[in-house]
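First up is the structure itself, then whatever we jot down about it.
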Number of protein chains: 2
Amino acid sequence: MATTTARSPRKSAETDEASTRDRILDVALQSFAELGFDGASTRAIASLAGVNQGLIPYYFGTKDALWREAVDRAFARLGEAVGVSVQEAADGSSGERLAVLIRRYIRFVAEHPEFVMMMNEEGKRDGERMQWITDTHVRPIFEIMTRLFEGARDEGVLPTEIGVPHFHYLFVGATAALFHQAHECRRLFGVEPTDPRVVENHADAVVRLFLGDPELGRAPRDPQETA
Amino acid sequence: MATTTARSPRKSAETDEASTRDRILDVALQSFAELGFDGASTRAIASLAGVNQGLIPYYFGTKDALWREAVDRAFARLGEAVGVSVQEAADGSSGERLAVLIRRYIRFVAEHPEFVMMMNEEGKRDGERMQWITDTHVRPIFEIMTRLFEGARDEGVLPTEIGVPHFHYLFVGATAALFHQAHECRRLFGVEPTDPRVVENHADAVVRLFLGDPELGRAPRDPQETA
DNA sequence: GTCTATAATTAGATAGAC
DNA sequence: GTCTATCTAATTATAGAC
């Protein structure tokens with residue numbers, strides 16, 4: 001159990017040798033998101049990664065440890081793409097910074113629907129995995145978002161009558177549902193949620209809905225542009 | 001496979017004899033919603049219903065057929081609680097009728113989070129079950145909702161710039177996330193989503209967000225009151 | 001590092017007693 | 001109508017060859 005046999009991430013002396021482990025992690029996140037922890041079998045994950053099932057215990061020890069590493073990677077990518085902590089320190093009004101965050105987050109979710117699928121998958125159950133995600137990854141982000149919500153409320157761009165928990169779930173729900181339910185959306189509306197125009201329209205809609213001004217946060221397309 | 005051995009729903013000549021089947025369906029929906037189709041085992045469902053595993057093939061034939069009947073029941077309950085088709089024919093402006101629908105739907109979801117959990121569970125995959133739900137249950141409701149959205153837009157209470165598919169997912173996402181992620185919400189905020197005050201606050205917040213006027217649709221608490 | 005083989009467990013579905 | 005017992009298949013994890 002304690003013999004996790006952790007590999008050092010820096011292993012590729014030649015070209016790209018250490019990619020098997022990463023490939024497994026990528027398909028694992030996708031599989032866990034789509035099928036849930038129980039529904040995703042390590043055999044199927046290994047097969048999708050083009051390797052044998054025996055490699056998964058070898059690299060990660062247990063299925064649970066594999067899941068944890070896959071989730072860590074997902075949040076690392078979210079951090080890079082959205083830059084919550086960086087954006088908090090940026091200049092501009094809270095409303096403007098919130099709008100930038102909303103737009104970046106929507107683009108991230110559009111590109112990585114598996115992130116929201118995984119979050120919804122675990123957030124609905126009261127198990128160890130939900131508690132671990134909440135304590136390890138969600139709470140730090142939520143604290144920054146709360147300050148931003150309250151700042152925007154003080155500026156008068158967010159209605160004061162709506163409490164922070166309501167804002168939080170109104171926001172994450174309204175933002176992600178289109179991309180989480182992508183297959184349903186295609187069948188029901190014939191709309192492709194990953195279409196860049198659809199993504200930008202959704203970002204505009206969310207900013208308009210919450211902040212009123214649809215021009216807010218329009219400029220920066222990339223996290224690096226404001227850094 | 002074709003020998004489904006369907007029971008007639010009306011069987012109870014005495015007091016309440018035909019309740020075993022219904023009990024199985026109730027715990028099945030709950031289990032499928034929480035754990036997904038694969039994660040929920042027929043043994044666990046039977047155990048929760050207080051019966052033997054062998055009874056499930058007896059009543060429903062296959063696990064898939066059990067799932068279908070459980071979903072049918074869920075949508076039947078939604079129809080009773082919200083009364084979409086009834087409400088469409090009611091008098092009042094489209095905005096007013098939409099607000100009534102929003103409030104009823106939120107109360108329904110608060111009481112039956114398993115409904116949204118099941119919808120999210122299936123809507124994220126492109127499988128037979130998603131297609132069946134969409135064609136059988138979602139499309140009829142969506143068509144009524146679309147007319148209501150467009151009516152409210154013509155009245156000027158909904159922004160014209162936001163397209164119907166965006167509205168649809170903004171709405172279902174913003175409405176349901178709080179109750180879908182109930183366990184996360186308890187751990188993160190210490191807020192109990194099923195608390196009636198929290199439910200009404202959320203309904204107020206959604207109506208305010210989409211329709212501006214938080215007083216809209218406040219009066220009727222029960223579907224029967226307007227019938 | 002990647003594979004094959006396999007052990008131990010659990011899944012859904014069937015057969016048949018009562 | 002409900003149960004026990006059992007069949008077949010699939011699951012995670014382990015042992016060990018190369």
Side-chain angles (χ1 to χ4, degrees), chain A residues 1-28 31-32 34-70 127-129, chain B residues 1-28 31-32 34-70 127-129:
Chain A
M1 191 189 286
T3 60
T4 317
T5 323
R7 293 280 128 238
S8 61
R10 303 282 135 254
K11 179 70 185 2
S12 53
E14 312 294 315
T15 55
D16 53 335
E17 193 191 327
S19 59
T20 294
R21 201 173 192 280
D22 288 349
R23 225 169 48 248
I24 295 175
L25 281 171
D26 277 342
V27 305
S31 297
F32 285 136
E34 270 188 28
L35 305 166
F37 185 81
D38 294 303
S41 77
T42 57
R43 266 189 167 79
I45 291 171
S47 175
L48 284 170
V51 296
N52 191 271
Q53 185 258 349
L55 265 193
I56 290 186
Y58 168 74
Y59 273 122
F60 306 98
T62 66
K63 187 182 182 182
D64 210 85
L66 167 64
W67 178 88
R68 243 164 252 244
E69 279 212 47
E128 276 190 18
R129 291 193 298 273
Chain B
M1 192 189 284
T3 60
T4 318
T5 323
R7 294 281 127 237
S8 62
R10 302 282 135 253
K11 180 66 186 7
S12 55
E14 313 294 316
T15 54
D16 54 335
E17 193 191 327
S19 58
T20 294
R21 202 174 191 279
D22 288 349
R23 223 170 50 246
I24 294 175
L25 282 171
D26 277 343
V27 303
S31 298
F32 286 134
E34 271 188 28
L35 305 167
F37 184 81
D38 294 304
S41 77
T42 57
R43 270 187 164 80
I45 291 170
S47 176
L48 284 170
V51 296
N52 191 270
Q53 185 259 347
L55 264 194
I56 289 186
Y58 169 73
Y59 273 121
F60 306 98
T62 66
K63 188 183 181 182
D64 210 84
L66 167 64
W67 178 87
R68 243 164 252 246
E69 280 211 47
E128 276 190 18
R129 292 194 297 273

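Naming: A, B, ... by sequence-line order, numbering from 1 per chain.
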> Any idea which of C:dC3, C:dA13, D:dT11 is nearest the A:Ser41 side chain?
Replying inline: D:dT11
> A:Asp38 has an atom CG; how far is it from atom P of D:dA10, in whole Å?
Replying inline: 18 Å
>> Counting only side-chain heavy atoms from C-beta out, which of D:dT2, C:dG12, C:dT2 sits nearest to A:Thr20?
In response: C:dT2
> Considering residues at least two apart in sequence or located in another chain, which fulfil the side chain to side chain contact (heavy atoms under 4.5 Å, CB included) criterion with B:Leu35?
Replying inline: A:Arg125, B:Ala40
>> Without decimals, in angstroms, what is the distance between B:Arg23 CZ and D:dG1 C1'?
In response: 12 Å
> Residues two or more places apart in sequence or in another chain: which of them pass side chain to side chain contact (heavy atoms under 4.5 Å, CB included) with A:Val27?
Replying inline: A:Ile45, A:Leu48, A:Ala49
>> By nearest atom, which of the nucleotides D:dA13, D:dT11, C:dA13 is closest to the A:Pro57 side chain?
In response: D:dA13
>> Rounding to an integer number of Å, can you tell me how far A:Leu55 CG sits from D:dC18 P?
In response: 18 Å
> Under a 4.5 Å cut-off applied to non-hydrogen side-chain atoms, are A:Tyr59 and A:Leu66 in contact?
Replying inline: no
>> Taking side chain to side chain contact (heavy atoms under 4.5 Å, CB included) as the definition, give me every residue that meets it alongside A:Asp64, ordered by chain and number, with sequence neighbours left out.
In response: A:Phe37, A:Thr62, A:Arg68, A:Arg129
> Taking C-beta and beyond as the side chain, do A:Arg21 and A:Tyr58 meet within less than 4.5 Å on heavy atoms?
Replying inline: no
> Does anything in residues 40-50 of chain B pair up under salt bridge (charged side-chain N to carboxylate O under 4.0 Å, His left out), and if so which pairs, sequence neighbours excluded?
Replying inline: none
>> From the set C:dT2, D:dG1, D:dA13, return the single nucleotide nearest to any side-chain atom of B:Tyr58.
In response: D:dG1
> Tell me: CD1 of A:Ile56 to C1' of D:dA15, nearest whole Å?
Replying inline: 18 Å
> Which whole-number value in Å describes the distance from B:Arg43 CZ to C:dG12 P?
Replying inline: 8 Å
> What's the closest nucleotide to the B:Tyr59 side chain, out of D:dG1, C:dG12, C:dT2?
Replying inline: D:dG1
>> Students often get this wrong, so: under 4.0 angstrom with heavy atoms, is B:Ala44 touching a base, only sugar-phosphate, or nothing?
In response: nothing
> Taking only residues two or more places apart in sequence, or in another chain, which ones meet A:Glu34 in a salt bridge (Lys or Arg N to Asp or Glu O under 4.0 Å)?
Replying inline: none
> In residues 46-54 of chain B, which residues come under 4.0 Å of DNA chain D by heavy atom?
Replying inline: B:Val51, B:Asn52
>> Rounded to whole Å, how long is the line connecting atom CZ of A:Phe60 with atom C1' of C:dG1?
In response: 13 Å
> NZ of B:Lys63 versus C1' of C:dT10: gap in Å, rounded?
Replying inline: 12 Å
>> Between P on D:dT11 and CG on B:Leu35, what's the gap in Å once rounded to a whole number?
In response: 17 Å
